[in-house]
J.: 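The structure that follows is given in the form of structure tokens.
When a ligand or atom number is given, it counts from 1 through the structure's own listing order. In this text the structure is predicted, and so the values were computed from the model without any measurement.
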Amino acid sequence: MSDCIFCKIANGAFNTEFVYENDKVAVFKDINPVAPVHLLVVPKIHVESLRELDDKELMGELLSAVNISCKKLNITDYRTVINTGKGAGQEVFHLHIHVISGRPLNWPPG
Ligand code: AMP
Ligand code: ZN
């Protein structure tokens, strides 16, 4: 396994409690939540960012995991965010979808 923290988490290295997982993706809580609900949906294989993802099946798996996780938690209103590249706020270079909910979410964002 690489040195990547999300590779480790997604593949069970820390026994993280998953909101949802299957053989391709894992969903877990963000360590520094910006809202009462803040999940991260990640592929189990290492993909640096959305730029590097060319597997349409995996793209579907990731969005499906968002959908399943929110249904599981009875969340109907939520925001999904994918920061791609340093200039867009990406800090962890393993693709992840943020799922944010549980407080009013303004649009457009600041
Ligand atoms: P981004 O800025 O889009 O790359 O988001 C990275 C997110 O990963 C931030 O919201 C962090 O709080 C979160 N994060 C970093 N390390 C961990 C960790 N060990 N477990 C859970 N979330 C983490
Ligand atoms: Zn990784």
Side-chain angles (χ1 to χ4, degrees):
M1 197 181 298
S2 75
D3 221 20
C4 168
I5 185 76
F6 283 5
C7 276
K8 288 182 179 159
I9 292 173
N11 289 282
F14 307 117
N15 285 322
T16 305
E17 190 185 333
F18 295 136
V19 174
Y20 171 75
E21 77 166 314
N22 63 25
D23 58 331
K24 304 250 170 49
V25 302
V27 182
F28 52 90
K29 290 183 180 165
D30 195 292
I31 202 170
N32 188 18
V34 300
V37 176
H38 188 167
L39 308 177
L40 297 173
V41 178
V42 310
K44 289 193 172 180
I45 61 160
H46 185 76
V47 179
E48 209 168 289
S49 80
L50 187 57
R51 257 193 330 253
E52 281 75 31
L53 181 62
D54 58 7
D55 178 340
K56 288 184 182 170
E57 194 184 324
L58 186 52
M59 290 177 185
E61 287 287 347
L62 290 162
L63 275 189
S64 172
V66 171
N67 189 309
I68 291 168
S69 300
C70 288
K71 281 188 178 139
K72 226 172 149 175
L73 298 178
N74 284 315
I75 296 166
T76 56
D77 298 48
Y78 53 89
R79 179 165 298 157
T80 47
V81 173
I82 305 175
N83 296 322
T84 303
K86 248 196 181 98
Q90 185 175 5
E91 288 183 348
V92 176
F93 288 86
H94 177 125
L95 172 63
H96 49 282
I97 304 177
H98 295 262
V99 180
I100 296 161
S101 183
R103 65 164 168 79
L105 296 164
N106 297 327
W107 191 261

J.: Any donor-acceptor pair under 3.5 Å linking the side-chain atoms of S64 with those of E61?
T.: no
J.: Record the part of L40 in heavy-atom contact with ligand 1 below 4.0 Å; permitted values are side chain, backbone, both and neither.
T.: side chain
J.: Find all atoms of ligand 1 within a distance of less than 4.0 Å from any non-hydrogen atom belonging to N32, and give their numbers and elements.
T.: 12 (O)
J.: How long is the span from the OH atom in Y20 to the NZ atom in K72, to the nearest 0.5 Å?
T.: 8.0 Å
J.: For the CG atom of D23 and the CD1 atom of I45, what is their distance to the nearest 0.5 Å?
T.: 11.5 Å
J.: So is F93 touching ligand 1 or not, going by heavy atoms under 4.0 Å?
T.: no
J.: As an exercise, identify every atom of ligand 1 less than 4.0 angstrom from a heavy atom of K29.
T.: 21 (C)
J.: Can you list the ligand 1 atoms lying under 4.0 Å from a non-hydrogen atom of E91?
T.: 1 (P), 2 (O), 4 (O)
J.: Any atoms of ligand 1 less than 4.0 Å from a non-hydrogen atom of H96? List them with their elements.
T.: 1 (P), 3 (O), 4 (O), 5 (O), 6 (C)
J.: For ligand 1, which atoms, with element, lie under 4.0 Å from some heavy atom of H98?
T.: 1 (P), 3 (O), 5 (O), 7 (C), 10 (O)
J.: Between D3 and K8, does a side-chain contact (heavy atoms from CB on, under 4.5 Å) hold up when you go through it step by step?
T.: CA-CA 8 Å; D3 221 20; K8 288 182 179 159; 3.6 Å; yes
J.: How close does the nearest protein non-hydrogen atom get to atom 23 (C) of ligand 1, and which residue and atom is it?
T.: I31 CG2, 3.4 Å
J.: Quick check against the 3.5 Å criterion: does H94 have a side-chain atom that pairs as donor or acceptor with the backbone of P43?
T.: yes
J.: Does an N or O from I5, backbone or side chain, lie closer than 3.5 Å to an N or O of ligand 1?
T.: no
J.: Enter the distance from I31:CD1 to T16:OG1 here, rounded to the nearest 0.5 Å.
T.: 9.0 Å
J.: Need the ligand 1 atom indices (1-based, order shown) with element for anything under 4.0 Å from a heavy-atom of I9.
T.: 18 (C), 19 (N), 20 (N)
J.: Tell me if a side-chain donor or acceptor on R79 pairs with a main-chain N or O of H98 at a distance below 3.5 Å.
T.: no
J.: Measure the spacing between CG of L95 and CD of E52 and express it to the nearest 0.5 Å.
T.: 9.0 Å
J.: Among all protein non-hydrogen atoms, which one is nearest to atom 8 (O) of ligand 1, and what is the separation to 0.1 Å?
T.: F6 CZ, 3.4 Å
J.: Are I97 and I9 connected, step by step, through hydrophobic side chains (Ile, Leu, Val, Met, Phe, Trp, Tyr) whose heavy atoms are closer than 4.5 Å?
T.: no
J.: For atom 7 (C) of ligand 1, which protein heavy atom lies nearest, and how many Å away is it?
T.: D30 OD2, 3.5 Å
J.: Please name the atom of H94, restricted to N, O or S, that is closest to the Zn ion (ligand 2).
T.: ND1
J.: Angle at the Zn ion (ligand 2) between ND1 of H46 and SG of C4, to 10°?
T.: 110°
J.: What protein heavy atom sits nearest atom 2 (O) of ligand 1, and how far away is it?
T.: G89 O, 2.7 Å
J.: Just to be sure I read this right, does ligand 1 sit under 4.0 Å from the backbone of N83, its side chain, both, or neither, counting only heavy atoms?
T.: side chain
J.: Kindly say whether K44 contributes a backbone atom to a donor-acceptor pair with the side chain of E21 at under 3.5 angstrom?
T.: no
